Amino acid sequence: MQAFIWLAPVLALAALLFAAYKANYVSKSAPGNSRMQEIAGSIAEGADAFLRSEYKILAIFIVVLFVLISVFINIATAVCFVIGAGFSILAGFCGMKVATRANVRTANAAMEHGMNRALSVAFSGGSVMGMCVVGLGLLGCSLIYIITGNYNILFGFSLGASSIALFARVGGGIYTKAADVGADLVGKVETGIPEDDPRNPAVIADNVGDNVGDVAGMGADLFESYVGALVSALTLGVSAAGLFTGAGTIYPLAIAAIGIFASIIATFFVRGKDDSNPHKALKMGSYVSAAIVAVGAVILSYVFFGGIYCAAAIIAGLVVGLIIGFVTEVYTSEDYSSVKRIAEQSETGSATTIISGVAVGMKSTWVPIVLICVGIYISFSVTGDLYGIALAAVGMLSTTGITVAVDAYGPIADNSGGIAQMSGLDPHVREITDKLDAVGNTTAAMGKGFAIGSAALTALALFVSYASEVNLEKIDLLMPDVVIGLLIGGMLPFAFSALTMDSVSKAAYKMIEEVRRQFREIPGILEGTGKPDYGTCVSISTKAALHEMIVPGLLAVVCPLLVGILLGPAALGGLLAGSLVTGVLLAIYMSNAGGAWDNAKKHIESGNNGGKGSVAHKAAVVGDTVGDPFKDTAGPSINILIKLMTVVSVVFAPVFVSIGGLL
């Protein structure tokens, strides 16, 4: 039975080999004409330059934290921290490199072959990101545990993944939204030129942002969720009863391995026809992978535990994740009434656009929260202990490979449309890429909903691990230090969001001023005879993102350390509980409101409510501009914040226990 543990590293390697196969498929696809390759080269160059600069800053952070962990905890945990950070960086870098190759090849496939081939190339590019995330995540967790037999040092691996994820999400989010806001407000609203028009100086920076934010950043986000869920399940599984020693720890690793197998198989079901809706093909992949995992969970649960109660916890998390994705689609897709209502409200101006979008975002919180509660109740009830909640998180994240592939497909499709526009390709090519992009907006929103839902379960499972480490049996609301921690924790997601939103605003201001300057001072830009200075806009986004990501990133590490040292483990428990409650709600609200505003704009641009150039369209562009940092910077970063603070607390728990609170 112990042989089951080797399923994990073997299938993790299979995922990496499959990623290499998909990367080779993308590379062998035709890259288009010289103009298309020139534009794609500029996008790739900008993305590479940003990531290199970002990684230089992160290297300093990694070294400092490595020293602190070595001194105050132990060297083994510190080494695992470096491995986790390195694997996260590697996954994001590989995914981004292939995405910048897939974008131009998707546009060319749409031009030469049509919808089906374009979908295949874009999804293959996204699959590389997905398989790198699960392959490196499971490989690291399983080999560290197999080699050392010490599950506690795995929290160092999780901390490395979480640290990089926060900086990648925040930095990438600031980059992409500064460029996006600047390009939209000056180009589309003030000047009236189309989206992705080559005359817009910010257009290359906007396309670069799709890769560093929505591919590399998103991949790092789900990498740390995936690792966090596995680590918490391994930790809590040590005491789980089974038919053989170690069943509680081997079971989640085996489920993750089955999830990789399911994700690989599911990629072959993502097929469409030139006249079909690509969304159906992408959803088919998700459903197939979920079904395979459910069957595998039942079989392994019976083998390991003599019953299917652990499988019930896995399936509960799996089903909750799928339903949260569907609910997110209901609130953010233009096929449903919420987005259509925002588009209708846009006919009376920007104010009503903002009001209706805020309302949609707030309304969208209740169903996911209820679903998460149901998942927690079922998973706890069937196992009789908190191990079930950790298994639910593993179940929800077991299909991460296909989920990330579907999510990363979106920015690749978006970039392909920009390349088609800037290259002056036939309008039918842009029609195909726009159809792919519209689906990508919905899949991206669903991916964010999935990430937030999984963050709630993962953070809760990690919180249980923290409570176990510090012998915290309850959160006593009659104790003033606990209440102080609770209030500070509830405030942190709002302060964090304010910092990231303000960073986007400041960076966008510089971008807007630069685009306006170029329109004024460079002759012939709007006439098409002058060439915009794309490099300056790329530089503005890069510098702003790297500078502004530092304070929010440090906030997530410093705050739990200060509260734990000054007020003690109980107060820190209150902080983690408060941040979990407000963080999940705020993340769902911001992500869904932003997604709804985005698709309301696209709904109008497709000819509804007055179409392009109308009052409704201008109002919708403003709504989309407000929603951009909501859905792509602050919202998705909050779920990393709550998990990072929790894993920091677990890693440094021995310090807090020994001090007991200086105050």
Side-chain angles (χ1 to χ4, degrees), residues 36 38-54 96-97 99-100 103-104 168-191 193-218 410-423 437 500 503-519 521-522 525-526 530-549 598 621 624-625 628-629 631-633:
M36 295 167 67
E38 178 187 353
I39 295 168
S42 298
I43 295 170
E45 183 181 344
D48 283 344
F50 173 78
L51 287 189
R52 283 196 301 269
S53 300
E54 183 180 53
M96 187 278 296
K97 288 290 287 185
T100 54
N103 52 17
V104 67
R169 254 305 187 188
V170 172
I174 292 170
Y175 186 110
T176 184
K177 292 306 109 180
D180 201 357
V181 169
D184 281 355
L185 286 184
V186 183
K188 294 173 71 173
V189 176
E190 294 183 7
T191 313
I193 60 178
E195 187 172 3
D196 294 318
D197 193 296
R199 294 172 291 177
N200 193 326
V203 71
I204 294 294
D206 187 7
N207 282 276
V208 170
D210 290 335
N211 292 285
V212 300
D214 296 336
V215 178
M218 178 274 303
I412 292 173
D414 190 3
N415 263 205
S416 70
I419 292 171
Q421 180 78 29
M422 287 183 277
S423 303
D437 183 25
T500 54
S503 297
V504 171
S505 179
K506 288 188 288 186
Y509 176 81
K510 294 178 182 178
M511 186 69 69
I512 289 168
E513 289 299 305
E514 173 60 22
V515 175
R516 286 172 175 168
R517 182 196 69 79
Q518 291 196 35
F519 280 149
E521 299 179 7
I522 299 179
I525 286 185
L526 291 176
K531 184 178 180 180
D533 179 7
Y534 300 124
T536 300
C537 292
V538 170
S539 177
I540 288 172
S541 269
T542 301
K543 291 178 181 177
L546 296 176
H547 180 266
E548 298 291 341
M549 76 177 185
D598 190 352
V621 170
D624 177 40
T625 304
D628 275 338
K631 68 181 175 64
D632 290 327
T633 308

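Numbers here simply count residues along the sequence, with the first being 1. Keep in mind that this is a model prediction, so the values were computed, not measured.
With sequence neighbours left out, the side chain to side chain donor-acceptor pair (under 3.5 Å) criterion links Asn200 to no other residue. With sequence neighbours excluded, the residues satisfying side chain to side chain contact (heavy atoms under 4.5 Å, CB included) with Lys510 are Ile540. Scanning for side chain to side chain donor-acceptor pair (under 3.5 Å) contacts around Asp206 gives an empty result, with sequence neighbours left out. Listed by chain and number, the residues in a side chain to side chain contact (heavy atoms under 4.5 Å, CB included) with Thr633 are Ile174, Lys177, Thr500, Val504, Pro629 (sequence neighbours excluded). For Thr625, there are no side chain to side chain donor-acceptor pair (under 3.5 Å) partners, not counting sequence neighbours. Partners of Pro532 by side chain to side chain contact (heavy atoms under 4.5 Å, CB included), not counting sequence neighbours, listed by chain and number: Pro201, Gln518, Ile525, Tyr534. For Arg517, the side chain to side chain contact (heavy atoms under 4.5 Å, CB included) partners are Glu514, Arg520, Glu521, not counting sequence neighbours.
The line from CD1 of Ile419 to CG of Asn103 is 3.5 Å long, rounded to the nearest 0.5 Å. Distance OG/Ser416 to CD/Gln421: 12.0 Å, rounded to 0.5 Å. Summarising the geometry, atom CG belonging to Asp533 is positioned 9.5 Å from atom OG belonging to Ser539; distances are rounded to the nearest 0.5 Å. A distance of 13.0 Å separates OG1 of Thr536 from CD1 of Ile204, quoted to the nearest 0.5 Å.
At a threshold of 4.5 Å between non-hydrogen side-chain atoms, the residues Met422 and Met36 do not count as touching.
Contact detail for Val181 and Ala508: the closest heavy-atom pair is CG1-CB, 3.7 Å. When all heavy atoms of Asn211 and Ala99 are compared, the pair lying nearest together is OD1-CB, 3.6 Å. Nearest approach of Met511 to Ala205, heavy atoms of both residues: CE-CB, 4.5 Å.
The closest donor-acceptor contact from the side chain of Asn415 to the backbone of Asn207 lies under 3.5 Å. For the pair Thr542 (side chain) and Val538 (backbone), a donor-acceptor distance under 3.5 Å is present.
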Anything under 3.5 Å between a donor and an acceptor, one on a side chain of residues 39-54, the other on a protein residue two or more places apart or in another chain? List them.
| residue | atom | partner | partner atom | Å |
| --- | --- | --- | --- | --- |
| Ser42 | OG | Glu38 | O | 3.2 |
| Asp48 | OD2 | Lys97 | NZ | 3.2 |
| Ser53 | OG | Ala49 | O | 3.0 |

